[in-house]
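Working notes, structure below.
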Protein chains: 2
Amino acid sequence: MTERIFNFSAGPAVLPMSVLEEAQRDLISLPGVGMSVLEISHRSKTFEDIIEAAEADIRKLYNISDNYHLLFLQGGASLQFSMVPLNLLEKGGQADYIITGAWSKAALKEAKKVGQTNVVATTEAENFRRIPKQSEFNLNSEACYVHYTSNNTIFGTQWQSEPEVGSVPLICDASSDVLSRPLDIDKYGLIYAGAQKNMGPAGVTMVIIRKDLVKEPSPELATMLAYKTHTETKSLYNTPPVFSIYIVRLVAKWLLGLGGLEVMEKMNQEKGHLLYDAIDSTEFYKGHAEKDSRSLMNVTFRLPNEDLEKKFVKEATASGLDGLKGHRSVGGLRASIYNAFPKEGVEALVSFMKEFERKNG
Amino acid sequence: MTERIFNFSAGPAVLPMSVLEEAQRDLISLPGVGMSVLEISHRSKTFEDIIEAAEADIRKLYNISDNYHLLFLQGGASLQFSMVPLNLLEKGGQADYIITGAWSKAALKEAKKVGQTNVVATTEAENFRRIPKQSEFNLNSEACYVHYTSNNTIFGTQWQSEPEVGSVPLICDASSDVLSRPLDIDKYGLIYAGAQKNMGPAGVTMVIIRKDLVKEPSPELATMLAYKTHTETKSLYNTPPVFSIYIVRLVAKWLLGLGGLEVMEKMNQEKGHLLYDAIDSTEFYKGHAEKDSRSLMNVTFRLPNEDLEKKFVKEATASGLDGLKGHRSVGGLRASIYNAFPKEGVEALVSFMKEFERKNG
């Protein structure tokens, strides 16, 4: 029997046990295929079935209409930071960016290389403790798009609903809360997400793009960076990350088996409330994010001092609660409790927190 | 017991059985870690050990000096087609391309978007049946680099040794014969290779780059496309394809265990000779590549007519010899027999060929 610990890592992150078990069972040879999924041609019927099932299941989960393409690419959100402006920021045009943390800043940095950008809201002066309010936005109706980050892994904040941007295409980096709750996809022009937090292992990036936004790329754009390359070839322009897509396919099946994203959201709310209640029930722990901006994916909190924080991490790790050290920009602790993170792990952390406070409070 | 067939696919391709077995054994939980390799943080000590071991073992296999960086990137050779000129083709400069097949043409196409290119040799008029001779090259001593493809998957040709290019940096796409034989790395400016043929699963690309070629990128270049980004962060600028790198690490260990690249080359020669001897011993089969340009990785051959070729593929597949259909540019058959392809598979194919000729010749 393989010993497993509770993995609070911000990503790559925990996967559903049933997914790992199926992948393990079939790793030497897919049933009826006689080859490992690590060895199959991306042009084979076997892989065609896998990638089509992955897409079909995600379309079902999000209820995605035929107005959108769904792609599986490489390079992570970091490559999307460039692909979005290279494809959508027209010559002489401008793009609006809402800044809620390190990742939106990184996206902005790449867009600046391509054309004119506007920071239409930022909470940086408050160390990104909160999501800005609609009334704070300074949107440009002529912008090619508005870009935002739906969940901020480092700061532990999350948009409770989409910013309202009128008819300007809304672009969302959903890397850290993709598939964690239902979305009205019709509100978006483009959504991208690295898989390694909520939908699979590292190495594959999902892009959902409204069909009218797939334009003829400028002639000098690298073929691999044009969305059109990938929509026209159904993500098979070159060899895709076969195994990562296979795992995404298993995760999507697992989500459908649970009952879909409404059920998943409810489970995430239960886990989040358990942990936030533990933080709020004492002065010993103090959440970083403002209450109405709290993330259900990444829970950030501080202890009375840094020595206690170090001690907490050390003792938690020894108790099988791994990956709790917060990012240096916030300090303290961070518990990442994505879709596949089990409720028992949150309960174990809450017990540990109470016990730690009793001994050190 | 899991049934396995012989997988002659051009890539993604067969992996060593011991690699698959170790990956399967540890898929739920790495020994002493309590997490799957699919779940570990790329900033963890566990992954640091994996990526460092992968690099160290490949350095040992190729005897790579400290003058070179070794990177693990995403996007496949197709993204390298752009990254090479975007980083190395200086403004106002030119780049030389030797064209030996579809992949060198694809590389050239991307370079043309960046700057001036010269086709310094091509065998396209002969349907890429051979590698051009040194005397045919029309090199430019001022070129920023010379680019070539060491093995041509589609046409079944392979350079027997590097082109001589003087002091101009030599750039090689080695995707389909990487780690199949020893190389004198000091002859190269840069070597890149998608992993999915000889060194691992799809989803990771190795780049070996001479340190003096890593220059300050132009300010508008996407951060992800600059080699400097990745050399400075040791391939950890963003989340790397953790699992693919883990498998590369196991493959490198397997190669060292066999005795290194000299031993691997000898094994590849044995397999290749077996198959080419079978082709040469009859008029029924006819090799596509000229004899002095033959690839030890991809063996391309024709039958007397297309109906027989179709019949061959069908019956071979039914006999557990999979993936033999040739690429449409050449037609006929293609047997890809990369490093991990077992000799028994080649023997089985040779027996099948003799039997097929007896029945249909």
Side-chain angles (χ1 to χ4, degrees), chain A residues 2-5 7 9-15 17 20-21 23-24 27-29 33-36 38-42 44 74-79 81-82 86 106 109-110 113-114 194 196 200-204 219-225 237-244 247 320 322-323, chain B residues 2-5 7 9-15 17 20-21 23-24 27-29 33-36 38-42 44 74-79 81-82 86 106 109-110 113-114 194 196 200-204 219-225 237-244 247 320 322-323:
Chain A
T2 38
E3 196 85 22
R4 299 255 301 167
I5 51 113
N7 173 11
S9 169
V14 63
L15 286 167
M17 197 57 194
L20 292 175
E21 283 168 347
Q24 182 180 48
L27 198 73
I28 305 278
S29 176
V33 175
M35 289 179 260
S36 171
L38 295 167
E39 304 171 307
I40 57 171
S41 167
H42 58 296
S44 65
Q74 293 187 64
S78 293
L79 194 58
F81 296 164
S82 294
L86 285 168
K109 183 185 156 207
E110 299 304 317
K113 299 179 177 190
V114 178
Q196 68 271 12
V204 61
E220 70 273 15
L221 184 62
T223 304
M224 281 289 285
L225 299 191
Y237 173 70
N238 71 334
T239 314
V242 171
F243 184 77
S244 296
I247 298 289
D322 195 78
Chain B
T2 38
E3 196 84 22
R4 298 255 303 167
I5 51 114
N7 174 11
S9 169
V14 62
L15 287 167
M17 197 58 194
L20 292 175
E21 283 169 346
Q24 182 181 47
L27 198 72
I28 305 281
S29 176
V33 175
M35 289 180 261
S36 171
L38 294 166
E39 304 172 307
I40 56 171
S41 167
H42 58 296
S44 64
Q74 292 186 65
S78 294
L79 194 58
F81 296 163
S82 295
L86 285 167
K109 183 186 156 206
E110 299 304 317
K113 300 179 176 190
V114 179
Q196 68 270 12
V204 62
E220 70 271 17
L221 184 63
T223 304
M224 280 289 285
L225 300 191
Y237 172 69
N238 72 334
T239 313
V242 171
F243 184 77
S244 296
I247 298 289
D322 196 78

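Note that these values count all heavy atoms, side chains included, but never hydrogens, waters or copies made by symmetry. Please read these numbers as outputs of a predicted model, since none were measured by experiment.
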- prompt: Looking at A/Val33, A/Val14, A/Ile247, which has the largest count of heavy-atom pairs under 4.5 Å with chain B?
  reply: A/Val14

- request: Could you have a look at B/Leu221, B/Thr239, B/Leu86, B/Val242 and say which one has the most heavy-atom pairs with chain A under 4.5 angstrom?
  value: B/Thr239

statement: Interface check, chain B: of A/Gly323, A/Pro240, A/Ser82, A/Ala222, most non-hydrogen pairs under 4.5 Å belong to A/Ala222

message: With a 4.5 angstrom heavy-atom cut-off, is it the side chain or the backbone of A/Leu225 that approaches chain B, or both, or neither?
response: side chain

Toward chain B, the part of A/Tyr237 with a non-hydrogen atom under 4.5 Å: side chain

- prompt: Can you name the nearest heavy-atom pair linking B/Leu15 to A/Glu39, along with the distance?
  reply: N-OE2, 2.7 Å

message: Checking B/Gln74 now: which residues fulfil side-chain contact (heavy atoms from CB on, under 4.5 Å) with it, not counting sequence neighbours?
response: A/Gln74, B/Pro241

task: Count the heavy-atom pairs under 4.5 Å between each of B/Gly76, B/Ala23, B/Ala10, B/Gly34 and chain A, then report the option with the highest count.
output: B/Gly34

field: Approximate separation, where rounding is to 0.5 Å, of A/Leu27 CG and A/Leu20 CG
entry: 11.5 Å

message: Please find the pair of heavy atoms, one from B/Ser41 and one from A/Pro12, that lie closest to each other, and give the distance.
response: CA-CD, 3.9 Å

field: A/Ser36 versus chain B, the contacting section by heavy-atom distance below 4.5 Å
entry: both

statement: Interface check, chain A: of B/Gln196, B/Lys109, B/Glu21, most non-hydrogen pairs under 4.5 Å belong to B/Gln196

query: Looking only at heavy atoms, what is the nearest atom pair of B/His42 and B/Asn238, with distance?
result: CD2-O, 4.1 Å

field: Which atom of B/Ser29 lies closest to which atom of A/Arg4, heavy atoms considered
entry: CB-CD, 4.4 Å

Donor on one side chain, acceptor on other, A/Lys113 and B/Thr223, under 3.5 Å: yes

- prompt: Among A/Val204, A/Val114, A/Leu79, which has the most heavy-atom pairs under 4.5 Å with chain B?
  reply: A/Leu79

Between A/Ser9, A/Ala13, A/Pro201, the one whose heavy-atom pairs under 4.5 Å with chain B are most numerous: A/Ala13

- prompt: Considering only heavy atoms, which portion of A/Ile40 lies under 4.5 Å from any heavy atom of chain B: side chain, backbone, both, or neither?
  reply: backbone

